[in-house]
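The model shown is predicted, which means the values in this text are computed figures rather than measured ones.
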Amino acid sequence: MLTHVENAAEPTTEENKRREKETIPETVAGLAAVLVGAMFILSFIIQQFEIPSSSMENTLLIGDHLFVDRLTPTGKAGAASFLMPYREIHRGDIAVFPSPAQPGLYLVKRIIGVPGDRIHLRDGKVFLNGVEQDEKYVIRGVEPYNPYRDNFPAVSSDFSTQVTEEWAKALPHHVQSGDLVVPPDSYFAMGDNRDVSLDSRYWGFVPRQNIFGSPLFIAWSLKQSASDFPQDASLPERTAMFAKTAAHFFPLTRWDRVFRLVH
């Protein structure tokens, strides 16, 4: 009886050919759906960035390649928030946003102050709403003492040539009793490597609508330096650097950082 059932269920050669013909368009449609889904994710939800500077060491190193969540940390409100996992930006979050000082450049910094916060630095230490912060992720002592950078905003911006003209004019209007007060819909951001980070101390607040996303994890990490990311490199120079990296890809990889969460 068992043999009879198997023989009865066995498809003919003609049926097999018909099924093969029917699965070709289905396969194409399936691949197209996967491609569209991947393009949507890479365009609107997740995007890749690489770190070209040391301003976020040791949290992020030069050569880290990040996957950035463009959806969750945008702080959007309204009806869409019931459907999508939006949330507000919190202190301590790492955010990606366009540079206020250099068009076309995206920055990765840590959010130190949210709207209404009062901030000042004394000898390089951050005081938030009157309380000294214990920032274990921060690197200091890399560069010599700088009065403007380390005692912000008590020391005039005239002591620094790196402060943008716009921020030098706006800064005094946001200082109350020695503290910088973060205005509505804005954030104060700094790099973890405080001595070398060009951040809100130099170009001002980050508007809420400019927050692009937040790093999820390190997808890959290569042992690189700032010299591997020249801003004025020609196309042949960039091609040569890419070929060099590709040829030594595996020896250059920091395997202990691959898939590491960013926080």
Side chain to side chain donor-acceptor pair (under 3.5 Å) between Thr59 and Asp192, intermediate numbers included: CA-CA 7 Å; Thr59 305; Asp192 289 354; 2.5 Å; yes

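- Residue Phe159 places its CZ atom among 12 or fewer non-hydrogen atoms of other residues, nucleotides or ligands, all under 6.0 Å distant.
- Contact record, Ile211 with Ala95: CD1-CB, 4.0 Å, taken as the closest heavy-atom pair.
- Sorted by first and then second residue, the salt bridge (Lys or Arg N to Asp or Glu O under 4.0 Å) pairs involving residues 169-184 (not counting sequence neighbours) are Arg118-Asp179, Glu165-Lys169.
- At a threshold of 4.5 Å between side-chain heavy atoms, the hydrophobic network of Ile, Leu, Val, Met, Phe, Trp and Tyr places Val181 and Tyr202 in two separate groups.
- A 4.5 Å side-chain heavy-atom check between Ser186 and Val206 finds every atom pair outside the cut-off.
- Among all heavy-atom pairs drawn from Val258 and Ser221, the shortest one is CG2-N, 4.5 Å.
- Of all heavy-atom pairs between Ser197 and Gly191, the closest is OG-N, 3.1 Å.
- Pro207 has its side chain out of reach of Asp185: every pair of non-hydrogen atoms, C-beta onward, lies at least 4.5 Å apart.
- Within 6.0 Å of NE2 in His90 there are more than 12 heavy atoms belonging to other residues, nucleotides or ligands.
- When hydrophobic side chains of Ile, Leu, Val, Met, Phe, Trp and Tyr are connected at separations under 4.5 Å, Leu61 ends up as a singleton with no cluster partners.
- Residues Phe97 and Tyr106 form no side-chain contact, since every pair of their non-hydrogen atoms from C-beta on lies 4.5 Å or further apart.
- Counting side-chain heavy-atom gaps under 4.5 Å among Ile, Leu, Val, Met, Phe, Trp and Tyr, the cluster of Phe229 also holds Ile62.
- Look at Arg149 and Glu143 and you find no salt bridge, because none of the NZ, NE, NH1 or NH2 atoms lies under 4.0 Å from a carboxylate O.
- Although no hydrogens or angles enter the test, the distance criterion places a donor-acceptor pair under 3.5 Å between the side chain of Ser200 and the main chain of Gly204.
- Not counting sequence neighbours, Asp150 has no partner by the salt bridge (Lys or Arg N to Asp or Glu O under 4.0 Å) test.
- Put simply, the side chain of Val68 does not reach to within 4.5 Å of the side chain of Leu216, judged on heavy atoms.
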Let's go through Arg208 and Glu88 carefully: what are the C-alpha distance in whole Å and the side-chain angles of both, what is the deciding distance for salt bridge (charged side-chain N to carboxylate O under 4.0 Å, His left out) to 0.1 Å, and is it a yes or a no?
CA-CA 10 Å; Arg208 178 181 181 180; Glu88 293 296 329; 2.8 Å; yes

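- Between Ile94 and His263 there is no side-chain heavy-atom pair separated by less than 4.5 Å.
- In this structure, Leu222 is a member of the same hydrophobic cluster as Phe250, with clusters built from ILVMFWY side-chain heavy atoms closer than 4.5 Å.
- Pro215 and Val108 get closest at one heavy-atom pair: CG-CG1, 4.2 Å.
- In this pair, His120 and Phe127 present their aromatic rings parallel. The plane angle is below 30°, not in the 30 to 60° band.
- Contacts of Trp220 classified as ring-ring contact (aromatic ring centres under 6.0 Å, His included), with partners at least two apart in sequence or in another chain: Phe249, Trp255.
- Close placement of the Phe205 and His174 rings is indicated, their centers lying within 6.0 Å of each other.
- Residues passing the salt bridge (Lys or Arg N to Asp or Glu O under 4.0 Å) test with Lys244, sequence neighbours excluded: none.
- In this structure, Arg110 does not pair ionically with Asp93, as no charged nitrogen and carboxylate oxygen lie closer than 4.0 Å.
- Judged by distance alone, the side chains of Ser55 and Asn193 never bring a donor and an acceptor atom under 3.5 Å apart.
- Side-chain contact between Arg194 and Val126 is present, with at least one heavy-atom pair separated by less than 4.5 Å.
- At distances below 3.5 Å, not a single donor-acceptor pair connects side-chain atoms of Trp203 with backbone N or O atoms of Ser99.
- Residue Ile139 belongs to a hydrophobic cluster whose other members are Val142, Val196, with links defined by side-chain heavy atoms closer than 4.5 Å.
- With values rounded to the nearest 0.5 angstrom, Leu121 atom CG is found 8.0 Å from Asn151 atom CG.
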Show your working on side-chain contact (heavy atoms from CB on, under 4.5 Å) between Leu107 and Val96 and close with a plain yes or no. CA-CA 6 Å; Leu107 303 179; Val96 180; over 6 Å; no

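- Annotation: the span from Thr164 atom OG1 to Gln102 atom CD amounts to 12.5 Å, rounded to 0.5 Å.
- With sequence neighbours excluded, the residues forming a salt bridge (Lys or Arg N to Asp or Glu O under 4.0 Å) with Arg91 are Asp117, listed by chain and number.
- Between Asp256 and Arg254, no side-chain nitrogen of the basic residue sits less than 4.0 Å from a carboxylate oxygen of the acidic one, so the salt-bridge criterion is not met.
- For the atom pair Glu50 CD and Leu60 CG, the distance stands at 13.0 Å (nearest 0.5 Å).
- By the side-chain hydrogen bond (donor to acceptor under 3.5 Å, both in side chains) test, Arg201 pairs with Asp199, sequence neighbours left out.
- By the side-chain hydrogen bond (donor to acceptor under 3.5 Å, both in side chains) test, His65 pairs with Gln48, sequence neighbours left out.
- The shortest non-hydrogen separation linking Leu180 to Leu171 is CD1-CD1, 3.6 Å.
- A heavy-atom distance below 4.5 Å is not found between the side chains of Pro144 and Asp195.
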Show, in sequence, the C-alpha distance, side-chain angles and deciding distance for Val262 and Ile218, and conclude whether the side-chain contact (heavy atoms from CB on, under 4.5 Å) test is met.
CA-CA 7 Å; Val262 179; Ile218 299 170; 3.9 Å; yes

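- Trp167 and Ile112 fall within a single hydrophobic cluster, where Ile, Leu, Val, Met, Phe, Trp and Tyr are joined by side-chain heavy atoms under 4.5 Å apart, directly or via other members.
- Taking the six-membered ring for Trp and thresholds of 30 and 60 degrees, Phe217 and Phe67 have ring planes more than 60 degrees apart, a perpendicular arrangement.
- With rounding to the nearest 0.5 Å, the separation of OG in Ser157 from OH in Tyr148 is 5.5 Å.
- The minimum heavy-atom distance between Asp228 and Pro230, with the atom names listed, is C-CD, 3.3 Å.
- No single ILVMFWY cluster, assembled from side-chain heavy atoms under 4.5 Å apart, contains both Tyr145 and Met190.
- Ion pair Arg260/Asp64 not flagged as a salt bridge, since none of the NZ, NE, NH1 or NH2 atoms sits closer than 4.0 Å to an Asp/Glu carboxylate oxygen.
- With sequence neighbours excluded, no residue forms a side-chain hydrogen bond (donor to acceptor under 3.5 Å, both in side chains) with Ser160.
- Contacts of Phe188 classified as ring-ring contact (aromatic ring centres under 6.0 Å, His included), with partners at least two apart in sequence or in another chain: Phe152.
- Inter-residue side-chain proximity for Asp69 and Phe212 is flagged as unmet; no heavy-atom pair is nearer than 4.5 Å.
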